[in-house]
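Contents: one structure, followed by commentary.
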Amino acid sequence: MGNNDMMGTAEDFTDQFLRVTKQYLPHVARLCLISTFLEDGIRMWFQWSEQRDYIEATWNCGYFLAILFVLINLLGQLGCCILVLSRNFVQYACFGLFGIVAMQTIAYSILWDLKFLMRNLALGGGLLLLLAESRSEGKSMFAGVPTMGESSPKQYMQLGGRVLLVLMFMTLLHFNASFFSILQNVVGTALIILVVVGFKTKLAALTLVIWLFAINVYFNAFWTIPAYKPMHDVLKYDFFQSMSFIGGLLLVVALGPGGVSMDEKKKEW
């Protein structure tokens, strides 16, 4: 009985939080989600020569193609981020960012690095959620796609986005014997499973957001490391990747799990 009361109180808090923040939460979610693309686009500007030289040396593609690669990453990421934040041509911006993720996966040989591959796939999951959030029922680029029952492409995008977000969480697990790491892994795994299956989804996702934001600020505090040290860039990368994961979870909080979820099925029982 006590557990049910506690769960009820937590769900009431979540509902109250959503009522208070419903006008702002989607904007915050989108900003968090695209933050890693913003950071990477800005980095392309400040590290133009290093990025160009790396691509030219790695692929032996010549000076012009190396510059073209950096330019596409710079303008593509910043341009798409501006479109997402301004709510203009969001679907096209999402596909543009999908293209950037795919291009970087090949160019930086991420296919052969499991951790980075999983993170890129998770970014794709976040973009799927953003695509679902931007898609209106009346006017859609998927208008000609047949549906099954009450299902729609939007609901499958939400399901795919939730599943792919798991990959980012898996890269954040710490496999050591410390009490805090074990607690973090157990609690986090339980919550992410609830998000994936769509059970108590908004409560689980919001709890994960609070939990992961605190961990991110504590462990990836790149601003405490001098900019000339390599660890600064490593922590900065991890920080903004985690913020994109948090942005995806915030979209789940704002949108709900969609039709393909236990929460939705409970309404039919």
Side-chain angles (χ1 to χ4, degrees), residues 30-85 89 92-128 130-131 164-175 216-217 219-248:
R30 289 191 291 269
L31 178 59
C32 290
L33 180 58
I34 65 167
S35 62
T36 192
F37 296 105
L38 276 174
E39 187 275 330
D40 195 54
I42 293 170
R43 184 165 55 86
M44 288 290 169
W45 173 264
F46 286 104
Q47 297 183 1
W48 177 280
S49 299
E50 294 92 328
Q51 296 295 324
R52 180 201 62 209
D53 293 344
Y54 173 83
I55 293 298
E56 185 178 5
T58 302
W59 291 97
N60 196 26
C61 59
Y63 186 81
F64 175 75
L65 287 178
I67 285 182
L68 185 62
F69 171 84
V70 178
L71 189 62
I72 290 173
N73 274 272
L74 170 64
L75 298 180
Q77 291 185 100
L78 295 182
C80 289
C81 287
I82 290 171
L83 290 177
V84 168
L85 292 177
F89 305 105
Y92 297 105
C94 287
F95 283 114
L97 292 174
F98 275 125
I100 295 288
V101 170
M103 185 172 64
Q104 289 188 352
T105 299
I106 296 171
Y108 293 113
S109 301
I110 289 173
L111 278 171
W112 319 119
D113 189 314
L114 184 59
K115 178 180 178 179
F116 288 104
L117 178 61
M118 290 167 69
R119 288 192 171 190
N120 272 18
L121 289 172
L123 279 179
L127 291 173
L128 270 179
L130 184 58
L131 198 58
L164 288 174
L165 284 180
V166 176
L167 299 178
M168 175 68 81
F169 176 78
M170 290 173 64
T171 68
L172 301 177
L173 294 174
H174 298 282
F175 297 101
N216 193 30
V217 171
F219 285 106
N220 295 322
F222 65 90
W223 52 87
T224 63
I225 306 294
Y228 64 86
K229 292 189 175 182
M231 185 54 67
H232 175 90
D233 286 338
V234 172
L235 293 179
K236 190 176 183 181
Y237 172 81
D238 284 346
F239 179 85
F240 284 104
Q241 287 271 304
S242 297
M243 288 305 298
S244 290
F245 178 37
I246 288 170

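Along the sequence shown, the residues carry numbers beginning at 1. No hydrogens, no waters, no symmetry mates; every other heavy atom, side chains included, goes into these values.
- Annotation for K236 and F222: closest pair N-CB, 3.5 Å, computed over non-hydrogen atoms.
- Listed here is the closest heavy atom pair of S35 and M243: OG-CB, 3.5 Å.
- Side-chain contact between L38 and F240 is absent, with no heavy-atom pair separated by less than 4.5 Å.
- Closest heavy-atom contact between L165 and A122: CD2-O, 4.0 Å.
- Side chains of Y237 and F116 form a contact here, defined as non-hydrogen atoms less than 4.5 Å apart.
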Evaluate side-chain contact (heavy atoms from CB on, under 4.5 Å) for L123 paired with F37, printing each intermediate quantity in order. CA-CA 10 Å; L123 279 179; F37 296 105; 4.2 Å; yes
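- For the atom pair R119 CZ and D113 CG, the distance stands at 10.0 Å (nearest 0.5 Å).
- Heavy-atom contacts from other residues, nucleotides or ligands closer than 6.0 Å to CE of M170 number 12 or fewer.
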Check against side-chain contact (heavy atoms from CB on, under 4.5 Å), D233 and R43: CA-CA 10 Å; D233 286 338; R43 184 165 55 86; 5.6 Å; no
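- Side-chain N or O atoms of W59 include one that pairs as donor or acceptor with a backbone N or O of A107 at under 3.5 Å.
- By the 4.5 Å heavy-atom criterion applied to side chains, Q51 and I55 are not counted as neighbours.
- Open room surrounds CE on M231; 12 or fewer heavy atoms of other groups in view lie less than 6.0 Å from it.
- To the nearest 0.5 Å, atom OG1 of residue T171 and atom CD of residue Q241 are 8.0 Å apart.
- W45 has its side chain out of reach of V70: every pair of non-hydrogen atoms, C-beta onward, lies at least 4.5 Å apart.
- Between M103 and I72, the shortest heavy-atom contact is CE-CG2, 3.6 Å.
- Across R52 and A66, no two heavy atoms sit closer than the pair O-CB, 3.5 Å.
- Of the residues listed (F219, F245, W223), the one engaging F239 in a ring-ring contact (aromatic ring centres under 6.0 Å, His included) is W223, and it is the only one.
- Between the CD1 atom in I110 and the CE atom in M118 there is a gap of 13.5 Å [rounded to 0.5 Å].
- Side-chain atoms of N73 come within 3.5 Å of backbone N or O of F69 as a donor-acceptor pair.
- Proximity of V101 to T105: side-chain heavy atoms (C-beta onward) are separated by under 4.5 Å at one or more points.
- Under the 4.5 Å side-chain criterion, counting only non-hydrogen atoms from C-beta, I34 is not in contact with R30.
- The shortest non-hydrogen separation linking L65 to C61 is CD1-O, 3.4 Å.
- Note that OG1 of T36 is 8.0 Å distant from CD of Q77, once rounded to the nearest 0.5 Å.
- I100 has its side chain out of reach of C80: every pair of non-hydrogen atoms, C-beta onward, lies at least 4.5 Å apart.
- Note that the CD1 atom of I246 and the SG atom of C32 stand 6.5 Å from one another [nearest 0.5 Å].
- For the pair F98/L128, a side-chain contact is recorded, criterion being any heavy-atom separation below 4.5 Å from C-beta on.
- For the atom pair N120 CG and L164 CG, the distance stands at 11.5 Å (nearest 0.5 Å).
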